[in-house]
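Structure record follows, encoded as structure tokens.
Protein chains get the first letters and strands the later ones, always in sequence-line order, with residue 1 at the start of each. Please read all numbers here as calculations on a predicted model, not as lab measurements.
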Amino acid sequence: MKKGGRKFSALVVDDDQVIRNFEEKLLARFELETKVVKNGEEALKLFREGYTFDVVVMDMEMPVKNGPEWYGGTCRPLVQATRALRAMGVDCMIVGVTSRGDGPEKAELEAAGLNCCWEKPLNDKIVRTILDELAKKSS
Amino acid sequence: MEIVGQLQKQFVDFSTSLNHEGFLDEQYLQLQKLQDESNPDFVCEVVSLFFDDSEKLLNNLATALQQQVVDFKQVDAHVHQFKGSSSSIGAQRVKNMCVAFRNFCEEKNLDGCLRCLQQLKHEYFLVKNKLETLFRLERQIVEAGGTVPVIG
């Protein structure tokens with residue numbers, strides 16, 4: 001989907017290479033120009049460098065590898081990343097992708113400024129929903 | 001084009017059976033639907049990296065479980081990764097094995113983990129084999145001048 005000839009752009013933030021590759025290819029298949037980064041810090045760096053995106057797609061279970069909460073994963077890095085992006089003035093759509101459905105972390109993420117979250121893995125239905133939202137925003 | 005017809009039927013039957021037997025789930029079917037003439041290698045490209053990465057993960061898991069003092073958090077981190085990547089390409093039985101494996105990690109049950117690793121390897125190589133057969137059939141169909149049928 002294009003708006004006035006320009007393609008929508010997406011930033012994928014995920015710590016796993018296979019997932020980054022998969023999500024990049026899936027989004028590109030729907031004609032989104034996609035960049036991929038490994039974590040929140042790299043995402044912030046891109047925004048500081050002046051990059052803009054129509055949507056940021058973030059994994060909600062990026063682990064704090066040395067943290068005590070590893071079993072079951074933690075969303076703390078993502079709460080921080082979302083908050084930091086919003087604090088920078090990033091107002092594009094930010095969506096989370098999780099394998100943990102509805103949990104207490106979701107409320108925290110939404111409070112931090114996440115627009116919505118979806119059950120992992122990313123699929124064509126989710127991408128189409130995102131595109132519909134983006135089309136509405138730009139019309 | 002009798003050959004093409006036969007190959008196409010083989011492809012459809014094989015794909016359907018893989019879905020029915022739980023090897024590949026809805027996620028894989030959706031990925032297949034995104035493949036077309038302008039994106040003929042879509043699925044193969046997505047899956048290739050999964051193959052490379054998985055074999056490294058299985059080696060890492062074996063190493064981690066062989067340590068004098070097993071770091072179950074590290075083992076769990078590897079399994080978590082495998083669960084994510086396998087679910088992204090629709091490898092359902094591999095993903096389900098990862099779920100069971102994580103429970104043993106949380107219990108710090110070494111025997112359980114070792115058994116799961118063996119089962120995980122088994123499921124992974126099974127689905128890898130089946131996917132390679134599927135890709136081979138696709139290539140044969142295209143080489144015979146046909147188009148790969150869309151399933152479902």
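- Proximity to chain A (any heavy atom under 4.5 Å) is restricted, for B/Leu31, to the side chain, taken from C-beta onward.
- Linking ILVMFWY side-chain heavy atoms closer than 4.5 Å, directly or via other members, places B/Val47 and B/Ile151 in a single hydrophobic cluster.
- Around the CD atom of B/Glu37, the shell of radius 6.0 Å holds no more than 12 heavy atoms that belong to other residues, nucleotides or ligands.
- The minimum heavy-atom distance linking A/Leu26 with B/Leu34 is given by the pair CD1-CD1, 3.2 Å.
- At a threshold of 4.5 Å between side-chain heavy atoms, the hydrophobic network of Ile, Leu, Val, Met, Phe, Trp and Tyr places B/Val70 and B/Phe104 in two separate groups.
- The list of salt bridge (Lys or Arg N to Asp or Glu O under 4.0 Å) pairs with a residue in residues 83-94 of chain A, not counting sequence neighbours, is empty.
- Within the structure, side chain to side chain donor-acceptor pair (under 3.5 Å) contacts touching residues 43-58 of chain B (residues at least two apart or in different chains) are B/Glu55-B/Tyr124, B/Glu55-B/Lys128.
- A pairwise comparison of heavy atoms in B/Ser85 and A/Asp16 identifies CB-OD2, 4.0 Å as the closest pair.
- Rounding to the nearest 0.5 angstrom, the gap separating the OG atom in B/Ser88 from the NZ atom in A/Lys25 is 12.0 Å.
- For B/Lys130, the NZ atom is densely surrounded, since the number of other residues' heavy atoms within 6.0 Å is greater than 12.
- Applying the 6.0 Å contact sphere to CZ of B/Phe125 captures more than 12 heavy atoms from other residues, nucleotides or ligands.
- Within the 4.5 angstrom heavy-atom criterion, only backbone atoms of A/Leu122 (N, CA, C, O) approach chain B.
- B/Gln81 CD to A/Ile19 CD1: the interatomic distance, rounded to the nearest 0.5 Å, is 8.5 Å.
- The shortest non-hydrogen separation linking A/Gln17 to B/Leu49 is O-CD2, 3.7 Å.
- Under the 3.5 Å distance criterion, the side-chain polar atoms of A/Arg29 are left unmatched by any main-chain donor or acceptor of B/Phe42.
- To the nearest 0.5 Å, atoms NZ (B/Lys83) and NZ (A/Lys120) are separated by 8.5 Å.
- For the pair B/Phe50/A/Asn21, no side-chain contact is recorded, criterion being any heavy-atom separation below 4.5 Å from C-beta on.
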